[in-house]
Undergrad: 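Just passing along the structure, written as structure tokens.
Along the sequence shown, residues carry numbers from 1.
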Amino acid sequence: MNKSNNLYKDVLTGLFFTTGVFGFMSGEFIISTMLFGAATIASNLDFSDSFRA
């Protein structure tokens, strides 16, 4: 994976995580749980593999 894809993935994961923290602090526990889950999934996905038919 090249550097720009890593940057976009890191920015996306960071946005999900920080939005989840702010949601947790404001009492929106269901939304923050979904955002933490999305951050976990986004950090573990590997977009460099191509799919072949």
Undergrad: Can you give me every donor-acceptor pair (side chain of residues 35-42, partner residue at least two apart or in another chain, under 3.5 Å) with its distance?
TA:
residue : atom : partner : partner atom : Å
T40     : OG1  : F36     : O            : 2.9

Undergrad: Is it the case that one hydrophobic cluster holds both F17 and F22, taking links as side-chain heavy atoms less than 4.5 Å apart, direct or via other members?
TA: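 Yes.
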
Undergrad: Considering all heavy atoms of both residues, which atom of G23 and which atom of S32 are nearest to each other, and what is their separation?
TA: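 Result for this residue pair: C-CB, 4.0 Å.
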
Undergrad: Running the 4.5 Å side-chain criterion over Ile, Leu, Val, Met, Phe, Trp and Tyr, what cluster does F24 land in, apart from itself?
TA: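 Reading the cluster by chain and number, F24 sits alongside F29.
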
Undergrad: Flag yes if I30 and M25 sit in one hydrophobic cluster, no otherwise; membership is Ile, Leu, Val, Met, Phe, Trp, Tyr, and two members link when side-chain heavy atoms are under 4.5 Å apart.
TA: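 Unlinked, I30 and M25 end up in two clusters.
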
